[in-house]
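Chain identifiers are assigned alphabetically (A, B, ...) following the order of the sequence lines, protein sequences preceding nucleic acid strands; residue numbering begins at 1 within each chain. None of these values were measured; they are calculated from a predicted model.
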There are 2 protein chains.
Amino acid sequence: MNNPFRPDKTDLEILRLLEQDGRMPHKVIAQHVHKSITPIHSRLAKLQNEGYIRRFTALLNPRKIGRGLTAYTQVILKVHSQESLENFMKQAEKINEVMECYHLTGAFDFLLRITIRDMDAYNELLLKKLSNLPEVAQMQTSFVISEAKYNTAYFYSRSDE
Amino acid sequence: MNNPFRPDKTDLEILRLLEQDGRMPHKVIAQHVHKSITPIHSRLAKLQNEGYIRRFTALLNPRKIGRGLTAYTQVILKVHSQESLENFMKQAEKINEVMECYHLTGAFDFLLRITIRDMDAYNELLLKKLSNLPEVAQMQTSFVISEAKYNTAYFYSRSDE
DNA sequence: TCTGAAAATGAGGCGGC
DNA sequence: GCCGCCTCATTTTCAGA
């Protein structure tokens with residue numbers, strides 16, 4: 001009954017390998033962890049059921065698909081009521097160019113990661129959408145000059161180019 | 001010879017589907033785009049060769065694997081020479097907890113995304129590694145209270161929970 | 001470039017240890 | 001909880017239009 005699942009070393013190694021290559025065959029994983037395919041299969045099912053793996057995905061190259069400009073925008077709200085916070089988050093989520101939105105401690109309230117084609121497109125986004133968000137008191141935007149590191153793998157530090 | 005590859009609508013749809021599910025079978029993709037399996041296979045090979053797909057990966061749940069705390073740290077350097085910038089980037093890349101590092105326009109120089117177990121672990125990281133980076137003049141850190149949106153898919157806005 | 005089909009490889013299920 | 005075998009699904013290659 002009360003048997004909380006805790007991944008062992010083999011489970012963590014499976015996660016590490018799948019972070020490196022989400023399509024690695026079970027056979028290859030099995031060789032790495034010195035087991036047969038069957039336990040890989042059952043462990044993987046368990047890891048997914050327990051929510052260790054959010055999803056499998058293909059990471060694309062934003063430059064190639066017209067999203068070459070990345071902006072980080074700091075937002076300060078006028079009012080910090082629950083309603084105001086929730087409204088802002090709801091609006092931000094709906095904007096496709098906003099890839100990430102975090103509520104933060106510190107000098108400002110929210111940090112947005114925005115990816116978009118170019119500065120002209122950003123200008124349009126700013127005029128048509130961002131500047132119309134009613135909860136916002138101040139916004140300050142910085143643009144990414146270069147990406148020194150971008151890594152989604154917790155168990156394996158790898159800088160994708 | 002000079003025949004630059006430009007993805008057509010079918011290619012973009014394949015990318016969109018693989019962003020949603022990096023393990024979607026070619027057969028299922030084929031049904032979505034009303035083609036047979038063979039062209040899916042060859043188009044996918046081309047998209048990978050041309051660098052449209054960076055890689056396939058499993059996105060993990062950071063809370064489950066002891067990386068429940070996320071920090072965004074703004075860094076200002078003392079000196080802005082090429083050497084100083086490059087040294088800082090090299091050092092930042094080497095720190096496993098630094099998942100992303102960007103050189104930015106604006107009021108500060110770099111933005112770091114740091115994921116780590118908890119505040120005690122952050123304290124240790126700060127004392128042992130971050131505060132020893134010689135190029136740094138100022139650092140200001142904000143911690144993530146909540147993640148309103150986290151999306152890696154450019155063609156399909158989806159907020160992962 | 002596509003369709004259709006064959007060959008090779010991988011995934012998922014079952015009994016036994 | 002693991003192994004080996006079996007069956008089914010998927011991937012990859014190939015002939016032809």
d([atom1], [X]; [atom2], [N]) in whole Å:
{"X": "A:M24", "N": "C:dA11", "atom1": "CE", "atom2": "P", "value": "11 Å"}
{"X": "B:R23", "N": "D:dT10", "atom1": "CZ", "atom2": "P", "value": "13 Å"}
{"X": "A:K27", "N": "C:dT9", "atom1": "NZ", "atom2": "P", "value": "7 Å"}
{"X": "B:I40", "N": "C:dT3", "atom1": "CD1", "atom2": "P", "value": "9 Å"}
{"X": "A:N49", "N": "C:dG12", "atom1": "CG", "atom2": "P", "value": "13 Å"}
{"X": "B:L44", "N": "C:dT1", "atom1": "CG", "atom2": "C1'", "value": "16 Å"}
{"X": "A:Q31", "N": "C:dG10", "atom1": "CD", "atom2": "C1'", "value": "12 Å"}

Original post:
Should the pair B:Y122 and B:F143 be assigned to parallel (<30°), tilted (30 to 60°) or perpendicular (>60°) ring geometry?
Top reply: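 Ring orientation of B:Y122 relative to B:F143: perpendicular.
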**OP:** May I ask you to say whether B:R16 pairs ionically with B:E13, meaning some side-chain N is under 4.0 Å from a carboxylate O?
**Re:** yes
**OP:** Please list, chain by chain and in numerical order, all residues satisfying side-chain contact (heavy atoms from CB on, under 4.5 Å) with A:E124, sequence neighbours excluded.
**Re:**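 Per chain and number, A:E124 pairs via side-chain contact (heavy atoms from CB on, under 4.5 Å) with A:K128.
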**OP:** Report yes or no: is the cationic atom of A:R23 (NZ for Lys, CZ for Arg) closer than 6.0 Å to the six-membered ring centre of B:F56, at no more than 45° off its axis?
**Re:**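 The answer is yes, since A:R23 meets both limits relative to B:F56.
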Original post:
Between A:Y102 and A:E100, is a side chain to side chain donor-acceptor pair (under 3.5 Å) present by the stated rule, with each step listed?
Top reply: CA-CA 7 Å; A:Y102 304 105; A:E100 303 173 29; 2.5 Å; yes
Original post:
Got a sec, which residues hit salt bridge (charged side-chain N to carboxylate O under 4.0 Å, His left out) with A:D8, two or more places apart in sequence or on another chain?
Top reply: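 With neighbours one apart ignored, the set is A:R43.
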**OP:** Under 4.0 Å between any heavy atoms, over every strand shown, what does B:H41 touch: base, sugar-phosphate, or nothing? Just pick one.
**Re:** base
Grab the N/O contacts between the protein and nucleotides 1-4 of chain D below 3.5 Å, and write none if there aren't any.
unit_1: D:dC2; atom_1: OP1; unit_2: A:R43; atom_2: NH2; d: 2.7
unit_1: D:dC3; atom_1: OP2; unit_2: A:S36; atom_2: N; d: 2.7
unit_1: D:dC3; atom_1: OP2; unit_2: A:S36; atom_2: OG; d: 2.8
unit_1: D:dG4; atom_1: O6; unit_2: A:T38; atom_2: OG1; d: 2.9

